[in-house]
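Heavy-atom basis, side chains included; hydrogens, waters and symmetry copies ignored. Note that the numbering runs from 1 along the sequence shown for the chain.
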Amino acid sequence: MLSKIFLKSMFKKWKNGDYRVIFWDKEVYQNGTKTPKFTIKINRPLKLSDIKKDMSLTIAEAYMDKIIDIEGSMDEVARVLYLQTNYEHLHKHDNAMPIQQSTKESANIESHYDLGNDFYSIWLDETLSYSCAYFKTEEDTLHQAQLQKLDHTLKKLDLKQGEKLLDIGCGWGYLSIRAAQEYHVDVLGITISQEQFKAASKRVKDMGLEDRVTIKLLNYQDLDGMHYRFDKVVSVGMFEHVGKANLPFYFKKVKEVLKVGGMFLLHSILCCFEGTTNAWIDKYIFPGGYLPSLREVISIMSESDFHLVLAESLRLHYAKTLDIWHQNFLDNQDKIAQMYDQRFIRMWSLYLNSCASAFRVGSVDLYQLLLTHSVDNTIPLTHEYIYKS
């Protein structure tokens with residue numbers, strides 16, 4: 001027979017949850033500090049033959065054979081078993097550390113995003129959104145489509161008035177501003193681009209939103225869960241700069257500052273397969289960047305206890321966005337030539353044009369992944385809320 005000492009040592013490993021165990025001699029073992037949500041009654045001492053390698057099989061057969069009875073929430077039983085049996089998977093990246101240091105990331109970002117706000121304002125739309133737009137019709141202007149992208153993104157997060165939103169890689173700040181204006185949330189937007197920080201801060205001040213929107217020159221690596229806690233997190237067009245080695249650390253930091261059950265929307269270019277970054281892109285356009293595969297992201301996020309709620313491909317939307325950017329760029333070559341030489345102009349023209357083609361042929365894709373930190377059973381049953389006006 002297996003002694004209570006052995007059984008107690010087993011139950012002590014089930015650290016998550018409030019439950020109790022009543023042994024055959026009426027002795028009670030209790031876990032947690034709150035009222036137990038379920039009770040396991042062990043009706044007789046267990047034999048060695050009652051114990052199987054798989055814990056769920058052991059419990060299910062013991063219940064079938066009346067060795068145990070279970071009272072209370074079966075959901076809570078399932079949750080405790082899930083957290084215990086998958087502990088190593090769910091906490092695989094708890095101790096992840098940054099491999100690509102923040103100083104290197106800052107240098108990489110500076111080489112691309114600090115080319116000058118005047119440069120980007122020539123060929124982007126008025127919002128200065130440097131990410132995939134969302135076209136509802138072929139006739140939509142770029143500005144319309146960018147505003148639609150912002151709303152499509154923010155609606156997915158099911159924002160409630162007064163919630164705290166973190167915008168990782170806020171760019172020139174328009175998503176943060178839109179969130180405060182239209183959804184009445186308090187926003188912290190962070191960027192490591194000096195040029196974007198200055199322009200976004202000025203925008204917030206000019207619009208009188210300093211009480212609702214804060215822009216900080218801050219790397220996601222330096223987010224501290226002791227000082228920050230958010231209801232929702234959004235990251236648009238920044239994940240591509242994290243680097244392969246830092247992917248686990250990225251999700252660790254988001255998890256650290258996002259409340260349990262909170263939503264996280266990740267908007268990023270992804271590849272079909274894991275590999276190395278295109279050598280030309282790495283040298284001239286996005287040094288230090290990396291496009292992970294969808295499979296890679298799903299694996300790492302799951303190992304950080306994030307759960308996928310919705311995945312949407314905006315591949316064709318990005319191809320159309322890039323086509324318009326490229327045409328705007330070509331139409332304004334005279335202005336750009338006053339800032340940069342012909343080699344730079346040809347480089348950027350090739351970059352915008354070839355990226356549009358890459359999306360059309362499917363070698364890259366743009367995904368919006370809506371995740372929750374742990375599970376949230378209060379989310380809407382359907383995605384209809386996203387499309388309501």
Restricting to non-hydrogen atoms, name the atom on [X] and the atom on [Y] that form the minimum distance, rounded to 0.1 Å.
X    : Y    : value
L90  : S302 : CD2-O, 3.9 Å
Y284 : R343 : OH-NH2, 3.6 Å
K52  : S49  : NZ-O, 3.0 Å
L128 : S121 : CD2-CA, 3.6 Å
L142 : A133 : CD1-CB, 4.3 Å
L218 : D222 : CD1-CB, 3.8 Å

Will you find, in the side chains of [X] and [Y], an N or O donor that is under 3.5 Å from an N or O acceptor?
X    : Y    : answer
Q338 : K335 : no
D140 : T137 : yes
D18  : N31  : no
S129 : T127 : yes
Q327 : D323 : no
E71  : T39  : no
N86  : H89  : no

Are any of the side-chain heavy atoms of [X] and [Y] separated by less than 4.5 Å?
X    : Y    : result
F306 : I300 : no
R212 : H184 : yes
V234 : I168 : no
K255 : D305 : yes
Y290 : L247 : yes
E61  : D50  : no
F38  : D75  : no
V364 : L270 : no

* Chi angles and distances behind the side-chain hydrogen bond (donor to acceptor under 3.5 Å, both in side chains) call for Y250, S235 -> CA-CA 11 Å; Y250 176 86; S235 185; 3.2 Å; yes
* To do: Would you please classify the geometry between the Y351 ring and the W348 ring as parallel, tilted or perpendicular, with 30° and 60° separating the classes?
  =>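 It falls in the perpendicular class, over 60°.
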* To do: Evaluate the ring planes of F239 and F251, with Trp represented by its six-membered ring, and classify them as parallel (under 30°), tilted (30 to 60°) or perpendicular (over 60°).
  => perpendicular
Check ion pair [X]-[Y] (N to O, under 4.0 angstrom):
X    : Y    : value
K253 : E256 : yes
K149 : D151 : no
D231 : K259 : yes

Between the main-chain N or O of [Y] and the side-chain N or O of [X], is there a donor-acceptor pair closer than 3.5 Å?
X    : Y    : result
S268 : G237 : no
N353 : S349 : no
T372 : V375 : no
D376 : T378 : yes
R315 : F359 : yes
K164 : G162 : no
E195 : S193 : no
Y220 : G169 : no

Centroid-centroid under 6.0 Å between [X] and [Y] rings:
X    : Y    : value
H93  : F249 : no
Y130 : W123 : yes
Y120 : W172 : yes
F23  : Y29  : no
F344 : F119 : yes

* What residues form a side chain to side chain donor-acceptor pair (under 3.5 Å) with S293, not counting sequence neighbours? -> E274
For [X], does the [atom1] atom sit with more than 12 other heavy atoms under 6.0 Å from it, leaving out its own atoms?
X    : atom1 : value
K244 : NZ    : yes
M339 : CE    : yes
R203 : CZ    : yes
K155 : NZ    : yes
K8   : NZ    : yes

Hphob cluster co-occupancy, [X] + [Y], side-chain heavy atoms under 4.5 angstrom:
X    : Y    : value
V21  : L81  : yes
V77  : Y82  : no
I281 : F273 : no
I22  : L46  : no

* After noting the C-alpha distance and the side-chain angles of L370 and L157, does the key distance pass the side-chain contact (heavy atoms from CB on, under 4.5 Å) rule? -> CA-CA 8 Å; L370 184 63; L157 287 165; 4.2 Å; yes
* **Sequence neighbours excluded, every pair satisfying ring-ring contact (aromatic ring centres under 6.0 Å, His included) that has a member inside residues 131-164** =>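 As it turns out, the ring-ring contact (aromatic ring centres under 6.0 Å, His included) pairs with a partner in residues 131-164, which skip direct neighbours, are Y134-H152, Y134-H317, H152-Y387.
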* State which residue, out of Q148, H267, Q368, R178, fulfils the side chain to side chain donor-acceptor pair (under 3.5 Å) condition with T153. =>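 Running side chain to side chain donor-acceptor pair (under 3.5 Å) over Q148, H267, Q368, R178 with T153 returns exactly one hit, Q368.
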* Asked: Between L159 and K232, does a side-chain contact (heavy atoms from CB on, under 4.5 Å) hold up when you go through it step by step?
  -> CA-CA 8 Å; L159 295 166; K232 311 281 172 66; 3.8 Å; yes
* To do: Evaluate side-chain contact (heavy atoms from CB on, under 4.5 Å) for H326 paired with L330, printing each intermediate quantity in order.
  => CA-CA 6 Å; H326 184 232; L330 294 179; 3.6 Å; yes
